[in-house]
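Since the structure comes first, as structure tokens, the remarks are kept for the end.
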Amino acid sequence: MTRDEYFEGLKALAREKRKYHAVRTDSFGLREIRQIYKAEGIRIDPWPLPPKIKAMYMCADGDYSVAVQRALPDEPKLFALAHELKHHYVDQEHIANGVVHCGDYNRNEVIEVGAEVFAAEFIFPEHEFAELVKASGVSTWRPEDVVRLKRGTPAKISYMFVQKRLERLGVVERGAFGAVRFKKLEEQMFGVPFWKARARRRPLGI
Ligand SMILES: [Zn+2]
């Protein structure tokens, strides 16, 4: 099996599991993925993890659990939990000692890249994303277009997710927006979000 076949197989599996769990892109968040974990019999453990580990998956004698870095913002946390689902579905027999550690340090290993591919498809299938890109009518992508696209999608995804997908679809060169600070740009375009503005006004120490 080639790498591409492996990845395509994982995307197909993600779509199949989405269907089974009735996942809808526009209403899929942490609460929904926790329900899937419950249905699959996987515990989410609140164990503290070393900084370089984003999440880990453990299985032993029919006992399944995942620990995820608690400090992660919602979108990357959702992504990490979907990533761990791939290890649950596919990798139980391949992992040593029943544990997989997931972080940036090993993100280039095939088992890890596969989990990223699975998670992306699970949260926001490629064909749905491609439709959105087409509907945007943009032909030459500028950072401002990326912000508009992300704001226009109800999927809970990060700017990193959007960038990677645009690169994958071939509408943006790899790394083209590497230096762009998208959240800052979004604030410049649309203003500071209400909750953030309040937090900034609050005097220190109160
Ligand atoms: Zn992993």
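By convention here, the first residue in the shown sequence is residue 1.
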Should we count CZ of R168 as having more than 12 external heavy atoms under 6.0 Å?
-> no

The salt bridge (Lys or Arg N to Asp or Glu O under 4.0 Å) partner of R151 among E186, E187, E144 is E186

Could you check V66 against D45 for side-chain contact (heavy atoms from CB on, under 4.5 Å), going step by step and ending with a plain yes or no?
-> CA-CA 6 Å; V66 161; D45 285 324; over 6 Å; no

Can you tell me if CG on D26 sees more than 12 non-hydrogen neighbours from other groups inside 6.0 Å?
-> yes

Thinking salt bridges, do D145 and R142 make one under a 4.0 Å N-O criterion?
-> yes

Assign the ring pair F182 / Y159 to parallel, tilted or perpendicular, where the plane angle (0 to 90°) is split at 30° and 60°.
-> parallel

Do H127 and E121 meet the criterion of a side-chain donor-acceptor pair at a distance under 3.5 Å?
-> no

Does any N or O in the side chain of N106 come within less than 3.5 Å of the main-chain N or O of H101, such that one atom is a donor and the other an acceptor?
-> yes

Would you find a donor on one side and an acceptor on the other, under 3.5 Å apart, between the side chain of E5 and the backbone of T2?
-> yes

Using the ring of Y89 (Phe, Tyr or Trp, six-membered ring only), decide whether K17 places NZ or CZ under 6.0 Å from its centre and within 45 degrees of its axis.
-> yes

Compute the ring centroids of Y64 and Y37, then answer whether they are less than 6.0 Å apart.
-> no

Could you please spell out the steps behind the salt bridge (charged side-chain N to carboxylate O under 4.0 Å, His left out) verdict for K52 and D104?
-> CA-CA 7 Å; K52 72 169 187 172; D104 286 338; over 6 Å; no

Supply the atom-to-atom distance S158 OG to L72 CG, rounded to the nearest 0.5 angstrom.
-> 11.0 Å

Within a reach of under 6.0 Å around CE of M189, are more than 12 heavy atoms found that belong to other residues, nucleotides or ligands?
-> yes

Taking the side chain from R107 and the backbone from E116, do they hold a donor-acceptor pair closer than 3.5 Å?
-> no

Is there a donor-acceptor pair under 3.5 Å between the side chain of K77 and the backbone N or O of Q69?
-> no

Given M56 and C102, is the side-chain contact (heavy atoms from CB on, under 4.5 Å) satisfied, shown in steps?
-> CA-CA 6 Å; M56 65 191 274; C102 310; 5.9 Å; no

D91 and K86 ion-paired at < 4.0 Å = yes

H87 side, atom NE2; H94 side, atom NE2 - distance, nearest 0.5 Å = 11.5 Å

Quick one: which of R15, R24, R18 gives a salt bridge (Lys or Arg N to Asp or Glu O under 4.0 Å) with E128?
-> R18

Going by atom types alone, do E40 and H21 pair a side-chain donor with an acceptor below 3.5 Å?
-> yes

Drop me the distance from I157's CD1 to I123's CD1, to the nearest 0.5 angstrom.
-> 9.0 Å

With under 30° as parallel and over 60° as perpendicular, where do the rings of F118 and F122 fit, or are they tilted in between?
-> parallel

In this structure, which one of I95, V99, V68 forms a side-chain contact (heavy atoms from CB on, under 4.5 Å) with Y57?
-> I95

So does E16 pair up with K19, basic N to acidic O under 4.0 Å?
-> no

